[in-house]
Asker: 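Just dropping this structure here.
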Amino acid sequence: MTLDPSRKNDANPYGGGDPYADFRDGDFGFTQLPDLADRRLGGGVIAANDEFFAQRENLLLPHRAVFDPEAFGHKGKVMDGWETRRRRGAGADTPHPEAEEHDWAVIRLGVPGIVRGVIVDTAHFRGNYPQQISIEGACARPDAGPEELLSDAVKWEEIVPRTAVRGHAANGFEVTAERRFTHLRLNQHPDGGIARLRVHGEVVPDPAWLALLGSFDLACVVNGGTVTDASDAFYSSPGNTILPGTSRKMDDGWETRRRRDKGNDWIEYRLPAQGEIRAVEVDTAYLKGNSAGWISLSVRDGESGEWTEIVPRTRLQPDTLHRLPLAAPATATAVRLDVYPDGGISRLRLHGSLTEQGSAELTRRFTELTR
C-alpha cells in the first residue's frame, strides 16, 4: 500500500498492550518551568467552536491521557482529549474544507505570564490528530468571557506559527514572545483531536494586586515564586511545594528517593522580587513514613549575596503543619530549603511582602511586558 504523504506523521494503529509503548516523547528544557495553564492554578478552557467527540476541558487535566480500547459511546470512540468532528466542504463538488477553515479552543491561563514553551500532546490520537496547529496569545482581563475574547477589542498575537504535528506524540514548541499573556487560542488545522496542552513559562503577577494584599505567600507560584533547582525529584516534583492550597495526597508534594550516603536533599526558590519574610510554614501533609526528618532554611539577597540561615535545623513531624515565626524579618530574593537526610514536604509558605525596591522592580517588569 502506498502511503499518502499527508499521513507521514501518523502513528501505528494500536496493537494491544501498553498504549504508551510507542508514544513519541521529547526532551524539552522549558518543561522545568511551571505550567501556566494548570487547572490547579485556575486554568480553564472557556470556549471552543466544536467538541463533538471529546470535551475541550480534557485538554488541561493534570494526569496523562488514558486510553481504553473497548470504550465506545453513541458518538463513537471515547477519547481522553479534545476532539472535533471531521470538517467537510460546501458540497459534493467541493468536499474538502477551505485552507483557512479550522477548529479552535480558547484557554484562560491559571496564572498570567511569559510563555517559554508549549506541549501539544496528541497521545492516542494516532490517525485522527490535526494535520497542523497554531497558537495565539492575548493579554486581557483574567476574568474576560468568551464574547469579549472573540471580539475585535482583544488583539491576538501568533506565538506558534502553523506547524505540522505528529500523532500519538508530545509536540514541543519554544516560544520567544517577550509578552505577558492571560489567554491562548489553540487552533487545529483543519480538525482532529489533541489530548493535552501544557503551557510552560514564567509567572508575572500583577504588582497592584500584591500591594492590595499586603502580606502574602512570597513562595507561591501564583504570586511569582519559582523553583530554580533541586537535588532530587524522583517521586514527585519540587514545584508541588509552592502550589496554592493544601496537598490532597502523597504525590501532591515533593518526595525524594532514599539516600544511602551522608548528604542531604534541598530545593532553591526565587521570589517574585526582593521581599521581606516574616513567618514560614512547612507542611508534611500525607507524608508519614517518608517525610523529611529535619529542615533548615537559608536566604540570599541578590545573585552575589551570601546565604544566611534564618531557620536552624528543626525537627519535623509526619503529616503535620509546622508554623515557624522568625525572630526578625529576613530580606531576600532567593530561598534555600534543606531537608535532612531525605524524604519530602508537601508545601512551603513564606509569609511577608515585597520591599519598596522589590515592588518597584516588579512594577517596571510588569509594565514592560504588558505594553
Side-chain angles (χ1 to χ4, degrees), residues 6-7 9-26 35-89 96-97 101-110 118-136 145-146 149-150 160 162-173 183-199:
S6 68
R7 299 178 179 175
N9 287 327
D10 286 8
N12 292 327
Y14 174 65
D18 179 5
Y20 273 103
D22 60 341
F23 181 72
R24 293 174 285 183
D25 210 340
D35 180 3
L36 305 181
D38 193 323
R39 192 71 185 90
R40 295 170 296 179
L41 303 180
V45 187
I46 61 174
N49 72 308
D50 187 284
E51 49 184 333
F52 184 85
F53 286 115
Q55 295 178 341
R56 67 196 191 212
E57 287 85 0
N58 292 335
L59 281 170
L60 303 186
L61 291 176
H63 57 268
R64 292 206 305 178
V66 177
F67 180 73
D68 180 354
E70 304 298 327
F72 287 84
H74 293 294
K75 293 182 178 180
K77 181 73 186 70
V78 175
M79 296 295 290
D80 185 8
W82 168 50
E83 185 180 6
T84 65
R85 72 193 79 198
R86 299 188 186 211
R87 278 187 169 268
R88 304 303 190 198
H96 303 101
E101 293 182 316
H102 66 275
D103 292 323
W104 52 265
V106 174
I107 293 94
R108 179 189 65 242
L109 299 181
V118 176
I119 302 289
V120 177
D121 185 343
T122 57
H124 316 306
F125 290 97
R126 295 169 176 268
N128 51 347
Y129 60 96
Q131 185 179 28
Q132 299 172 318
I133 64 93
S134 63
I135 301 175
E136 301 161 275
L149 291 166
L150 297 173
V160 176
R162 189 166 172 172
T163 307
V165 295
R166 299 178 297 165
H168 194 48
N171 299 278
F173 303 93
H183 296 79
L184 297 186
R185 183 160 59 191
L186 172 63
N187 304 308
Q188 48 177 334
H189 307 271
D191 55 36
I194 297 169
R196 298 289 187 266
L197 177 70
R198 307 295 186 223
V199 184

Asker: Of the options Ile107, Thr163, Val120, which is the one that meets Ile135 in a side-chain contact (heavy atoms from CB on, under 4.5 Å)?
Answerer: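 Between Ile135 and the candidates, side-chain contact (heavy atoms from CB on, under 4.5 Å) is satisfied uniquely by Val120.
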Asker: More than 12 non-hydrogen atoms from neighbouring residues, nucleotides or ligands closer than 6.0 Å to CD on Gln55, yes or no?
Answerer: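 Count not over threshold, so no.
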Asker: Rounded at 0.5 Å granularity, tell me how far CG in Asp10 sits from OG1 in Thr122.
Answerer: 10.0 Å
Asker: Which residues pass the ring-ring contact (aromatic ring centres under 6.0 Å, His included) test with His183, sequence neighbours left out?
Answerer: none
Asker: Going by salt bridge (charged side-chain N to carboxylate O under 4.0 Å, His left out), name the residues that satisfy it together with Asp121, two or more places apart in sequence or in a different chain.
Answerer: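 Partners of Asp121 by the salt bridge (charged side-chain N to carboxylate O under 4.0 Å, His left out) criterion come out as none, since no residue qualifies.
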Asker: Listed by chain and number, what are the side-chain hydrogen bond (donor to acceptor under 3.5 Å, both in side chains) partners of Arg40, not counting sequence neighbours?
Answerer: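 Residues passing side-chain hydrogen bond (donor to acceptor under 3.5 Å, both in side chains) with Arg40: Asp38.
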Asker: When you measure from the side chain of Asn171 to the backbone of Arg166, do you find a donor-acceptor pair of N or O atoms at a distance under 3.5 Å?
Answerer: yes
Asker: Could you list the residues that satisfy side-chain hydrogen bond (donor to acceptor under 3.5 Å, both in side chains) with Arg185, not counting sequence neighbours?
Answerer: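 Glu136.
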Asker: Using a 3.5 Å cut-off and no angle test, enumerate the donor-acceptor pairs between side-chain atoms of residues 189-198 and protein atoms at least two apart in sequence or in another chain.
Answerer:
unit_1, atom_1, unit_2, atom_2, d
His189, NE2, Ser134, OG, 2.9
Asp191, OD2, Arg87, N, 2.6
Arg196, NE, Leu61, O, 3.3
Arg196, NE, His63, O, 2.9
Arg196, NH1, Asn58, O, 3.0
Arg196, NH1, Asp80, O, 3.3
Arg196, NH1, Asp80, OD1, 3.2
Arg196, NH2, His63, O, 3.3
Arg196, NH2, Asp80, OD1, 3.3
Arg196, NH2, Asp80, OD2, 2.9
Arg198, NH1, Leu61, O, 3.0
Arg198, NH2, Leu61, O, 2.8
Arg198, NH2, Pro62, O, 3.3

Asker: For Ala47, give me all partners under side-chain contact (heavy atoms from CB on, under 4.5 Å), at least two apart in sequence or on another chain.
Answerer: Trp104, Val106, Pro146
Asker: Sequence neighbours excluded, which residues qualify as side-chain contact (heavy atoms from CB on, under 4.5 Å) partners of Pro13?
Answerer: none
Asker: Roughly how far apart are His102 NE2 and Ile133 CD1, rounded to 0.5 Å?
Answerer: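 Going from the NE2 atom of His102 to the CD1 atom of Ile133 covers 11.5 Å.
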Asker: Can you name the residues that form a side-chain contact (heavy atoms from CB on, under 4.5 Å) with Ala170, not counting sequence neighbours?
Answerer: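 Here the qualifying residues are Phe23, Asp25, Phe28, Ile119.
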Asker: I need the minimum non-hydrogen distance between Ala105 and Leu59, along with the two atoms involved.
Answerer: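 Of all heavy-atom pairs spanning Ala105 and Leu59, the closest is CB-CD1, 4.4 Å.
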Asker: For residues 64-79, which residue pairs qualify under side-chain hydrogen bond (donor to acceptor under 3.5 Å, both in side chains), counting only residues two or more places apart or in two chains?
Answerer: none
Asker: Partners of Phe67 by ring-ring contact (aromatic ring centres under 6.0 Å, His included), sequence neighbours excluded?
Answerer: Tyr14, His124
Asker: Holding to side-chain hydrogen bond (donor to acceptor under 3.5 Å, both in side chains), I want the full list of residues that pass it with Arg85, two or more places apart in sequence or in another chain.
Answerer: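 Arg85 satisfies side-chain hydrogen bond (donor to acceptor under 3.5 Å, both in side chains) with Asp50 once adjacent residues are dropped.
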Asker: Can you name the side-chain hydrogen bond (donor to acceptor under 3.5 Å, both in side chains) partners of Arg162, sequence neighbours left out?
Answerer: Gln132
